[in-house]
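Okay, so here's the structure we're looking at.
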2 protein chains.
Amino acid sequence: MIKIVVTDDHKLFRMGLAELLKKQEDFNVIATFEDGDLFLDFVTETQDFDIVLLDINMPNTDGFEVLRKLNKTKSTVKPIVISMFDDGNYIAKCAKNGAFGYLLKNADEEELIKAIKIVAQGKKYFTQAIAEKMIDFMAIDSTSKNLLSKKETEVLLLLSKGFTTKEIAAQLFVSTRTTETHRANILKKLEVKNTAQLIKKATEQKLI
Amino acid sequence: MIKIVVTDDHKLFRMGLAELLKKQEDFNVIATFEDGDLFLDFVTETQDFDIVLLDINMPNTDGFEVLRKLNKTKSTVKPIVISMFDDGNYIAKCAKNGAFGYLLKNADEEELIKAIKIVAQGKKYFTQAIAEKMIDFMAIDSTSKNLLSKKETEVLLLLSKGFTTKEIAAQLFVSTRTTETHRANILKKLEVKNTAQLIKKATEQKLI
DNA sequence: TTCTGTATCCGTATTTATACGGATAACTAA
DNA sequence: TTAGTTATCCGTATAAATACGGATACAGAA
């Protein structure tokens with residue numbers, strides 16, 4: 001019998017997931033929580049369960065924070081992240097902070113069950129696609145703090161203020177080509193294809 | 001017996017929701033779809049169901065588009081939006097495009113069931129909190145609502161998704177020149193000078 | 001009704017952004 | 001120290017965005 005806890009801020013998702021898991025005879029959903037704090041409180045009381053299915057984007061204490069704290073307390077609970085995003089940055093951060101698995105919310109039931117069973121045995125589970133994203137990302141850089149270089153950060157900031165490449169180049173005392181290279185590298189690092197997407201993503205991730 | 005269809009791009013959510021609804025004896029989930037297009041295809045074949053639970057943020061054809069098209073075809077199917085966001089703009093747009101209800105993904109099972117039952121009777125269902133958000137929005141933002149024309153709004157949305165002018169033109173069946181004019185007019189109306197500033201301002205104002 | 005403003009549509013010319021290729025200095029790990 | 005990696009820098013060619021100018025259709029005001 002695998003004992004499972006679900007932590008996700010969307011009640012309908014949480015409940016639906018619990019309902020799906022109930023159909024498995026050897027699964028037992030012992031509790032669900034709507035945010036990281038409540039879950040962490042629970043963990044201090046009991047660790048008598050195997051797996052926590054964890055959302056990343058939650059109010060207050062988010063999934064990253066939960067992973068970090070679980071890791072620090074050397075808990076035996078194995079976290080599987082269930083996220084909406086297949087962003088390399090997210091995946092890498094989760095892996096680094098001790099996640100045993102990473103699933104997308106558009107995964108199917110079978111995959112979820114498979115992941116839970118594998119992780120329950122103490123093994124890690126990342127689908128091919130997720131693993132590739134992570135490797136691609138690792139290839140570029142480690143975590144998002146150091147994702148962009150100093151110069152790139154400057155360029156991004158000026159870009160978001162609406163300056164053209166030429167203007168940015170003038171302000172940074174370099175040629176327009178250099179600025180364009182920086183921009184191109186920023187696009188690569190954030191996995192977007194043009195400035196519109198870049199600004200959108202950067203605001204989402206609060207880089208600007 | 002209330003016949004229900006679920007449309008959401010996240011398979012786990014979709015399946016979980018279906019599982020929750022199955023527990024109700026008088027509900028029958030007859031189909032689920034992972035994107036707006038597939039659902040709309042289905043609607044052209046049969047309209048023998050009462051309610052569609054609809055996500056807004058989906059790839060390809062999103063929830064707004066589905067509402068618009070359903071409305072246009074004078075379908076008898078009643079849509080209930082289930083969204084992650086309680087943004088006034090979203091809610092108002094849904095209401096305007098014929099949604100019979102609007103629930104947040106952190107609603108609970110009871111509320112979902114209540115909403116479905118009420119909407120199935122042909123009545124509309126918006127919780128107090130949602131209705132308030134909508135009213136607040138209507139009060140402040142009646143100006144910015146009419147700021148952009150329909151076409152311009154479409155263009156802005158596609159722009160923010162990272163499509164190039166050419167791609168947008170193809171999707172809207174007009175020349176690239178027309179799309180560029182739209183873009184130029186959007187820039188003027190939002191008082192910005194290029195796409196980077198545009199996306200920044202639009203996200204700030206939650207136009208996208 | 002006519003007039004006026006605005007949404008919609010398109011062409012040409014210019015500016016800007018992006019793709020591609022390549023180089024050097026600084027830093028890092030073995 | 002050496003080998004590998006990354007940040008920084010730049011050129012050329014192409015694609016895309018923007019400026020400018022202009023036309024039609026339609027709704028609402030005079």
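At distances below 3.5 Å, not a single donor-acceptor pair connects side-chain atoms of A/E111 with backbone N or O atoms of A/A107.
The side chain of A/R177 has D/dC10 as its nearest neighbour among C/dC9, D/dC10, D/dT8. Comparing atom distances between the B/S175 side chain and each of C/dC10, C/dA17, D/dT8 picks out C/dC10 as nearest. You'll find that the side chain of B/T195 is closest to D/dA17, out of C/dC10, D/dA17, C/dT18. Counting only heavy atoms from C-beta on, A/T178 has its side chain closest to D/dC10 among D/dT8, D/dA17, D/dC10. For A/E180, counting side-chain heavy atoms from C-beta on, the closest listed nucleotide (C/dT18, C/dC9, D/dT18) is C/dT18. Candidate nucleotides D/dA7, C/dC9, C/dA17 were compared by shortest atom distance to the side chain of A/T165, and C/dA17 ranks first. Side-chain proximity of A/T181 to the nucleotides D/dC10, D/dT8, C/dC9 is greatest for D/dC10.
Heavy atoms of other residues, nucleotides or ligands lying less than 6.0 angstrom from NZ of A/K166 number 12 at most.
Phosphate proximity of D/dA16 to B/K166: present, with a side-chain N or O under 4.0 Å from OP1 or OP2. Between B/K150 and the phosphate of C/dT6, there is no side-chain N or O to OP1/OP2 separation shorter than 4.0 Å. A/K193 has no side-chain polar atom (N or O) that falls below the 4.0 Å cut-off from OP1 or OP2 of D/dA15.
Looking at heavy-atom distances under 4.0 Å, B/N194 makes contact with sugar-phosphate atoms alone, never a base.
For the atom pair CG (A/D41) and CG (A/D35), the distance works out to 9.0 Å, reported to the nearest 0.5 Å.
The distance between atom CZ of A/F173 and atom C1' of D/dC10, rounded to the nearest whole Å, is 19 Å.
For A/Y90 and A/F64, the ring centers sit closer than 6.0 Å to each other.
Not a single donor-acceptor contact under 3.5 angstrom links the side-chain atoms of A/T176 to the base of D/dC10.
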